[in-house]
Amino acid sequence: MVEGLTLGQLECLFTGSVWAEGPVWVPGSRTVRWSDIPNNRILEFNAATGTTSEYAVGVEFTNGRTLDADGSVVQCSHGRRRVERDREGTVTGLVDSFRGRRLNSPNDVVVSRDSSIWFTDPPYGILPGTTEGHEGEQEYGGCHVFRFEPVAGTLTAVVTDLVYPNGLAFSPDESVLYVADTAGPRHGVPLRIVAYDVSGSVCRRRKTAVELEDGHAADGLRVDVHGRIWTSAGPAVRVYSPGFELLGTISVPETVSNLCFGGPDGRDLYITATTSLYRIRTTTRDAAAFTFDPTAN
Ligand code: MG
């Protein structure tokens with residue numbers, strides 16, 4: 001628990017995934033939608049009824065997702081090697097190639113206030129023996145963070161100095177982009193979250209970063225309205241200040257992949273962790289541009 005930031009106990013809402021990841025709160029249906037990646041399906045937890053159902057199956061191994069300006073869902077597909085939009089159940093591709101070569105397997109995504117779509121592209125969905133996509137080649141020869149401008153259709157590599165960029169989130173004023181790198185010691189780098197100063201499509205790496213111990217990947221992360229970073233970290237969620245001071249830890253019985261704020265007032269933290277979906281009440285909410293904000297209405 002995190003003093004002053006969480007209230008009550010962690011609840012388990014659903015168990016039955018193989019690997020749960022990529023949650024987002026969908027205000028229109030008052031549901032949490034997330035990926036059960038190896039089972040190739042999308043699940044939804046209905047906060048009003050407390051029940052979980054399959055939202056879609058045969059989804060080409062979706063992973064991370066976020067909300068767009070119109071409330072539709074933008075999500076990553078390992079299998080289609082693309083970022084796509086789900087507007088009330090109709091799924092359309094947005095971007096699948098960089099300079100004529102296919103993306104690796106987009107993993108996580110955020111939408112900024114100018115409606116550009118920022119996403120990470122590690123190779124987890126194309127690695128040999130993967131159960132989270134289809135084996136394939138890394139065609140453009142890297143693992144970048146990209147910015148896609150949907151109106152112009154332009155794709156820009158904005159971060160090219162990480163090994164396996166994974167979760168990502170902006171600071172409340174979008175001047176800083178936080179990116180998790182989950183490559184880890186096997187690839188000669190620490191598990192870490194790296195901060196970049198953002199100006200347009202230019203990202204300048206800051207000296208500040210947080211390094212996590214082996215086995216505690218910061219897979220998915222979110223930033224709250226006060227700029228605090230809420231990240232997965234092995235069997236826990238950790239909360240850091242904007243300067244990466246550790247503020248507290250929420251212990252979770254399983255390895256955490258990702259998390260999102262949601263609920264009727266936006267202050268419930270939903271956590272995907274291996275087989276299960278968990279929830280804990282907080283005193284804050286998400287800073288993301290198009291997250292549900294009940295105070296805005
Ligand atoms: Mg991820």
Side-chain angles (χ1 to χ4, degrees), residues 11-68 70-96 102-111 117 119-136 166-167 219-220 232 254-260 262-263 268 270-279 292:
E11 305 170 76
C12 182
L13 303 172
F14 172 81
T15 296
S17 304
V18 172
W19 181 253
E21 195 165 348
V24 75
W25 173 258
V26 184
S29 54
R30 297 206 162 193
T31 55
V32 177
R33 188 180 299 174
W34 78 97
S35 301
D36 178 5
I37 306 177
N39 277 329
N40 200 15
R41 62 179 178 167
I42 299 171
L43 297 172
E44 268 200 339
F45 172 77
N46 184 314
T49 63
T51 56
T52 293
S53 57
E54 282 184 338
Y55 172 77
V57 297
V59 294
E60 281 301 336
F61 306 97
T62 63
N63 191 338
R65 52 179 55 76
T66 193
L67 287 183
D68 208 345
D70 66 356
S72 61
V73 171
V74 173
Q75 65 191 17
C76 300
S77 165
H78 290 179
R80 295 191 176 102
R81 301 175 69 154
R82 74 180 188 185
V83 177
E84 56 194 27
R85 177 182 283 122
D86 181 331
R87 186 172 277 143
E88 296 180 351
T90 300
V91 179
T92 51
L94 294 172
V95 59
D96 62 5
R102 282 192 298 173
L103 299 173
N104 300 322
S105 49
N107 189 291
D108 217 341
V109 59
V110 292
V111 177
I117 295 167
F119 64 94
T120 57
D121 192 32
Y124 292 110
I126 57 171
L127 292 174
T130 184
T131 58
E132 299 194 347
H134 309 291
E135 292 181 24
N166 200 318
D219 187 337
S232 61
E254 303 178 76
T255 297
V256 177
S257 61
N258 213 328
L259 44 91
C260 71
D268 294 327
Y270 287 92
I271 301 164
T272 49
T274 314
T275 68
S276 304
L277 179 72
Y278 295 87
R279 177 174 63 192
F292 174 56

So among N63, N258, N166, which one has a side-chain hydrogen bond (donor to acceptor under 3.5 Å, both in side chains) with D108? N258
Per side-chain hydrogen bond (donor to acceptor under 3.5 Å, both in side chains), R87 is matched among D68, D70, T92 by D70
Walk me through it: do T272 and V32 pass the test side-chain contact (heavy atoms from CB on, under 4.5 Å)? CA-CA 10 Å; T272 49; V32 177; over 6 Å; no
State, with a plain yes or no, whether a side-chain heavy atom of [X] is found less than 4.5 Å away from one of [Y].
| X | Y | value |
| --- | --- | --- |
| R65 | S35 | yes |
| T62 | I37 | no |
| L43 | E54 | yes |
| Q75 | I42 | yes |
| I117 | T66 | no |
| N40 | V59 | yes |

So, the side chain of [X] versus the backbone of [Y]: is there a donor-acceptor pair under 3.5 Å, distance only?
| X | Y | answer |
| --- | --- | --- |
| R81 | L103 | yes |
| S105 | P122 | yes |
| R85 | V74 | no |
| T274 | T255 | yes |

Could you work out, with ring-ring contact (aromatic ring centres under 6.0 Å, His included) as the rule, every residue matching F61, not counting sequence neighbours? H134
Among residues at least two apart in sequence or on other chains, which ones pass ring-ring contact (aromatic ring centres under 6.0 Å, His included) with Y124? Y164
Can you sort out the partners of D96 under side chain to side chain contact (heavy atoms under 4.5 Å, CB included), two or more places apart, ordered by chain and number? R82
Sequence neighbours left out, what passes side chain to side chain contact (heavy atoms under 4.5 Å, CB included) with D268? Give chain and number order. P264, Y270, R279, R281
Pairs under 3.5 angstrom only: tabulate donor-acceptor contacts from the side chains of residues 17-24 to other protein residues two or more places apart or in another chain.
unit_1	atom_1	unit_2	atom_2	d
W19	NE1	E21	OE1	2.8

H78 and E132 have their tightest heavy-atom pair at ND1-O, 2.7 Å
Neighbour count >12 (heavy atoms, 6.0 Å) for atom CD, E135: yes
Any pair counted as ring pair (Phe, Tyr, Trp, His ring centres under 6.0 Å), so long as it reaches residues 33-60, sequence neighbours left out: F14-W34
